[in-house]
There are 2 protein chains.
Amino acid sequence: MNTDETIRIVIIEDDEVIRNGYAFLIGKEPGLFVVNTYASFELAIKTVQADDPEVILLDIELPGINGIEALPKLKKILPSAYVLILTVYDSEKLIFDALANGASGYLTKNSSASKIVESIREVKEGGGPMSINIARMVVKSFLRNPDSPLSKRETQILELIGRGESRSQIAKELFIDLETVRSHIKNIYMKLDVNSRADALKTARLNKLI
Amino acid sequence: MNTDETIRIVIIEDDEVIRNGYAFLIGKEPGLFVVNTYASFELAIKTVQADDPEVILLDIELPGINGIEALPKLKKILPSAYVLILTVYDSEKLIFDALANGASGYLTKNSSASKIVESIREVKEGGGPMSINIARMVVKSFLRNPDSPLSKRETQILELIGRGESRSQIAKELFIDLETVRSHIKNIYMKLDVNSRADALKTARLNKLI
DNA sequence: ACCAAAATCCCCCTCTAAGGGTGATGCAGC
DNA sequence: GCTGCATCACCCTTAGAGGGGGATTTTGGT
């Protein structure tokens with residue numbers, strides 16, 4: 001582990017032009033040092049531990065093992081390294097998969113060099129840097145549909161169904177009769193035009209009702 | 001709707017000292033205009049529409065109807081207004097509830113005046129409504145336990161259980177036999193030391209296995 | 001090349017829980 | 001005075017969950 005104040009950086013990116021471009025732009029920044037660059041995860045895995053990076057810039061679209069799969073393996077051999085995802089795509093699933101697998105931040109490739117440099121410093125400070133569009137997407141993913149057809153009680157019960165609870169467990173938890181729970185579930189099914197728990201949850205999550 | 005470049009602001013906050021303090025600090029900022037202030041949601045709801053604010057600073061700890069419950073009601077009568085949450089607490093649940101109910105940003109009360117002013121301008125630009133510490137919390141909330149005892153397949157099946165799917169639905173979806181699904185579920189139960197879907201989901205979500 | 005873990009499939013059993021149908025009642029808001 | 005909401009009741013059938021006991025093959029790591 002290095003102890004001075006230089007931030008050691010590794011770049012894993014298959015496109016040579018982009019890779020060298022980033023290495024150059026970051027390398028000339030004071031306090032930032034690009035230790036090494038790799039064109040694939042397979043190449044990186046052999047020696048990246050010796051590079052001892054504090055921040056890894058990781059491309060998602062890699063040949064062979066892709067970035068998402070590479071993420072937990074990288075974190076395993078370098079637990080304290082911060083991984084910043086670089087990608088041209090900004091699909092919701094990709095973002096959440098990356099964050100779930102240990103990414104510390106998420107940058108789209110149209111980010112300016114200064115934004116990337118700023119993010120590297122930020123993540124080192126314990127922050128969670130995200131491009132504006134990513135942050136907006138994450139916030140949006142939390143937002144519930146304010147025009148839900150479901151009542152308060154129905155929403156509450158559907159949430160418990162989402163936790164895998166049975167009718168009787170729900171009844172106990174809400175201090176109401178088993179038959180009342182049944183009634184609510186029937187009404188939920190009617191409103192959502194479904195006839196099973198799985199379909200109700202699918203529809204509800206799709207429409208951000210829960 | 002006003003068309004000039006002044007940002008119209010409403011403050012809903014029960015503590016008179018804080019309320020007036022914010023109103024004063026924001027009011028003297030060029031381009032920001034505090035149209036009105038209220039001590040409770042009940043007082044605000046009557047006339048806030050006439051105030052036509054673009055940004056609402058909303059306290060969470062309000063007497064009567066609290067901020068979280070007030071949020072969707074505010075958004076209903078003022079759909080285009082940005083709501084910034086003000087609170088002394090920064091619990092994960094509170095933040096996610098606020099975002100789920102339509103908050104655009106989240107500020108703790110120890111934020112400096114300049115930070116608040118900056119946030120108001122930022123949110124008005126439609127951009128980065130998340131402060132660094134909120135982003136960090138969000139990233140953390142997505143992160144899965146890298147030392148999960150569950151195998152890839154088991155995790156996948158537990159996710160489908162989380163969607164409320166039955167054994168046979170899971171079998172069809174994964175192109176495997178119903179009995180194979182059963183085996184996996186048995187192994188999941190053994191590893192997590194549970195004996196029901198609800199308990200498995202509870203344990204898994206608690207330990208960020210799914 | 002080997003061992004362990006993972007993934008696949010098979011049959012026994014019980015019985016809870018889910019879902020459809022058709023009601024009723026009291027209460028609140030408009 | 002209607003409508004939505006929340007509450008509870010009893011009819012019915014069948015699907016599904018969970019416990020127990022196996023087996024085989026494929027895969028990953030050293």
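Model, not experiment: these values are computed from the prediction. In what follows, chains carry the letters A, B, and so on, assigned in the order in which the sequence lines appear, proteins first and then strands, with residues in each chain numbered from 1.
- Minimum atom distance to the side chain of B:R197 is reached by D:dA17, of the listed D:dA17, C:dA18, D:dG19.
- For the helix from C:dA1-D:dT30 to C:dC30-D:dG1, the end axes, each set by the C1' atoms of five terminal pairs, are bent relative to each other by 80° (nearest 10°).
- Residues B:P149 and B:R182 both approach DNA chain C. Their nearest nucleotides, taken by heavy-atom distance, put B:P149 toward the 5′ side.
- To the nearest angstrom, C1' of D:dT24 lies 16 Å from CD1 of B:I176.
- Applying the 4.0 Å criterion to OP1 and OP2 of C:dG20, one finds that A:N195 has a side-chain N or O inside that range.
- Around the NZ atom of B:K202, the shell of radius 6.0 Å holds no more than 12 heavy atoms that belong to other residues, nucleotides or ligands.
- Within a 6.0 Å sphere centred on NZ of B:K191, heavy atoms belonging to other residues, nucleotides or ligands number more than 12.
- Regarding contacts with the backbone of D:dA6, a side-chain N or O of A:S151 is found under 4.0 angstrom from either OP1 or OP2.
- A side-chain donor-acceptor contact under 3.5 Å links B:T87 and B:E61.
- For A:R167 and C:dG19, a side-chain-to-base donor-acceptor distance below 3.5 Å is present, hydrogens and geometry of angles not being considered.
- Between the P atom of C:dA17 and the CD1 atom of A:I161 lies a distance of 14 Å, rounded to the nearest Å.
- A salt bridge is absent between A:E154 and A:K186: the closest approach of a Lys/Arg side-chain nitrogen to an acidic carboxylate oxygen does not fall below 4.0 angstrom.
- Salt-bridge formation is detected for the pair B:E159/B:R144: a Lys NZ or Arg NE/NH1/NH2 atom is positioned less than 4.0 Å from an Asp or Glu carboxylate oxygen.
- Remark: C1' of C:dA4 and CG of B:N187 are 14 Å apart, rounded to the nearest angstrom.
- On a pure distance criterion of 3.5 Å, a polar donor-acceptor pair joins the side chain of A:E179 and the base of D:dC10.
- The two residues B:L192 and B:P149 have their closest heavy-atom pair at CD2-CG, 4.4 Å.
- In terms of position on DNA chain D, the residue among A:K73 and A:L178 whose nearest nucleotide sits closer to the 5' end is A:L178.
- Heavy atoms of B:T180 sit under 4.0 angstrom from at least one base atom.
- Candidate nucleotides D:dT7, C:dA7, D:dA9 were compared by shortest atom distance to the side chain of A:R153, and D:dT7 ranks first.
- Partner A:I7 forms a side chain to side chain contact (heavy atoms under 4.5 Å, CB included) with one of A:V55, A:V117, A:V35 and no other, that one being A:V55.
- Between A:E165 atom CD and C:dA18 atom P the separation is 11 Å, expressed in whole Å.
- Rounded to an integer number of Å, the gap from A:L174 CG to D:dA6 P is 11 Å.
- Residue A:I157 contributes atom CD1, which lies 12 Å from atom C1' of D:dC5 at whole-angstrom precision.
- For A:S183 against D:dC8, a side-chain-to-base donor-acceptor contact under 3.5 Å is present.
- The distance between atom CD of A:Q169 and atom P of C:dA17, rounded to the nearest whole Å, is 8 Å.
- Residue B:H184 places at least one side-chain N or O under 4.0 Å from the OP1 or OP2 atom of C:dT8.
- Distance CD1 (A:I185) to C1' (C:dA17): 10 Å, rounded to an integer number of Å.
- Considering B:V34, B:V83, B:V48 as possible partners of B:P53, the one that fulfils the side chain to side chain contact (heavy atoms under 4.5 Å, CB included) test is B:V48.
- Checking the phosphate oxygens (OP1, OP2) of C:dT8, no side-chain nitrogen or oxygen of B:K186 falls inside 4.0 Å.
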